[in-house]
Amino acid sequence: MKKIIKNGTIVTASDTFQADILIEEGKIALIGRNLQDTGAEIINAAGLYVFPGGIDPHTHLDMPFGGTVTKDDFESGTIAAAFGGTTTIIDFCLTSKGRPLQESIDEWHQKSKDKAAIDYSFHLMIGEINDKVLAELPKVIDSEGITSFKVFMAYKNVFQADDETLFKTLVAARDLGALVMVHAENGDVIDYLTKKALEEGHTEPIYHALTRPPELEGEATGRAAELTGLAGSQLYVVHVSCAEAAEKIAAARSRGIDVWGETCPQYLVLDQTSLEKPEFEGAKYVWSPPLREKWNQDTLWNALKSGQLQTIGSDQCSFDFKGQKDLGREDFTKIPNGGPTIEDRFSILFSEGAAKGRITLNQFVDITSTRAAKLFGLYPQKGTIAVGSDADIVLFDPEKERTISAGTHHLAVDYSAFEGLSVKGEPVTVLVRGEYVIKDRQFTGKAGSGQYLKRAKYFKHKTHNNVIPAY
Ligand code: URP
Ligand code: ZN
Ligand code: ZN
């Protein structure tokens, strides 16, 4: 059925204006004043912002990690995402050495296909580069529409790849039109520091942060950026947590190297002191990279404001406090890394960012949606409100105040990392391709109704003479 959204304030990455939106067959058919269609359902958005649906470019759902599997899968994770105003996720498909890439991709399709309630796509982890992997990559891009590859520079003996692998991946991505993503921490030195801490009898969660100092994130970020410049390729640094890394990205960009940076809600509102909470509660706050000293938050906000960091990913990777985080009670290196963030990414950026004047409303849309759509080959199908785009729309009440809590969230995990945080603004109604997924704060969607998205190549490959657009 056709729908008309009336009386709302439309906000895109570039404009804020009053207009109605006609939705037909899942697409935005018309934007204008006083739209009429006798066959259409009228949605009254008076007093609400009308945002493009959030795009979360960094999730780990149903992922084996740290001797266990994330608590939230594609069903609970995407339903929670929808409540939080996110209509598309890009999840990380893990691979293993020696296993055909297609097998891993098929496994991720199995995990997601009957479960996802919003649209989704995959990034592909690259742990090794050899002739077999190189032979498979064109099909990964052309048939699967997977146009971003992830290389881990940390997690030694688990996911970590060496610099040769990173460099060869950058070169292959340059030639094929893919964007390389890195987890930038120096895994070798972290391995040394963690072993030393354990030898000295330090087992508590705070040692997770103390053995992964910001210098090691800055060093790895700078190394990845230099290798990108040398390869003439393109790089996206995930989960930037500290000034040392943000500065390396800014410096590389000022030299014309094609580097982009993402931060996450946890680094914007939480800090390292959370890892010192008693009764092992610090384990709830174990992420890699770790939470940092509080002053880094200002650096990250300023980097978002100035455009030196461009996106926010949730890095959703949840483990129950009881039964999963517990695995590391006697040894901090055994605490599964990650936390629940998918539902609050959008609201935290609005409340702490746009509502407090740290970023503009249009920057909020760019950072939570539009930029990710452009970088990851989904634009303009996703990431904006324009005629012809998918009707992925969030009706957002900017005045609604609430307190984040595990008691009210929609994730399966048993705690909230943001327990007690007051936020201003709430997604009220969320449409994916014109269909209600959340209607007046009730889930009205369906597990399995999310569509898999094949993505276009990195945009550098579509522009004349390989000139990188200013955006
Ligand atoms: O601690 C984190 N970030 N867990 C998820 C895996 C990763 O490194 O992104
Ligand atoms: Zn990571
Ligand atoms: Zn991650």
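Atoms within each ligand, like the ligands themselves, are counted from 1 in listed order.
- Using a 4.0 Å cut-off between charged side-chain N and carboxylate O, Lys168 and Glu164 make a salt bridge.
- The Zn ion (ligand 3) is the vertex of the angle joining NE2 of His60 and NE2 of His58, which measures 110° to the nearest 10°.
- Nearest N/O/S atom of His239 relative to the Zn ion (ligand 2): this is NE2.
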### Query
Run the salt bridge (Lys or Arg N to Asp or Glu O under 4.0 Å) check on Lys248 and Glu244 step by step: do they pass?
CA-CA 7 Å; Lys248 286 287 176 9; Glu244 284 81 349; over 6 Å; no
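- Scanning the protein heavy atoms around atom 3 (N) of ligand 1, the nearest turns out to be Asp315 OD2, 2.6 Å.
- Closest N/O/S atom of Asp315 to the Zn ion (ligand 3): OD1.
- Ring pair Phe65/Phe319 is tilted by interplanar angle, where 30° to 60° counts as tilted.
- Not close to ligand 1: Met63, with no non-hydrogen atom less than 4.0 angstrom away.
- Annotation for ligand 1: atoms under 4.0 Å from non-hydrogen atoms of His183 are 8 (O).
- When non-hydrogen atoms are compared, ligand 1 lies under 4.0 Å from the backbone of Asn337 as well as from its side chain.
- Of the protein's heavy atoms, Ser288 N, 2.8 Å lies nearest to atom 1 (O) of ligand 1.
- Around the NZ atom of Lys111, the shell of radius 6.0 Å holds more than 12 heavy atoms that belong to other residues, nucleotides or ligands.
- Here Lys195 pairs with Asp191 in a salt bridge; the nearest charged N to carboxylate O distance falls below 4.0 Å.
- Ion pairing of Lys139 with Glu144 is absent here, as no side-chain N (NZ or NE/NH1/NH2) approaches a carboxylate O to less than 4.0 Å.
- The aromatic rings of His183 and His239 stand perpendicular to each other, their planes meeting at an angle above 60°, with 30° marking the opposite boundary.
- Taking the six-membered ring for Trp and the full ring otherwise, His109 and Phe122 have centroids separated by under 6.0 Å.
- Not a single N/O/S atom of His183, whether from backbone or side chain, sits less than 2.8 Å from the Zn ion (ligand 3).
- Close to ligand 1: Tyr155, with a non-hydrogen atom less than 4.0 angstrom away.
- Below 3.5 Å of separation, one finds no N or O of Lys150 facing any N or O of ligand 1.
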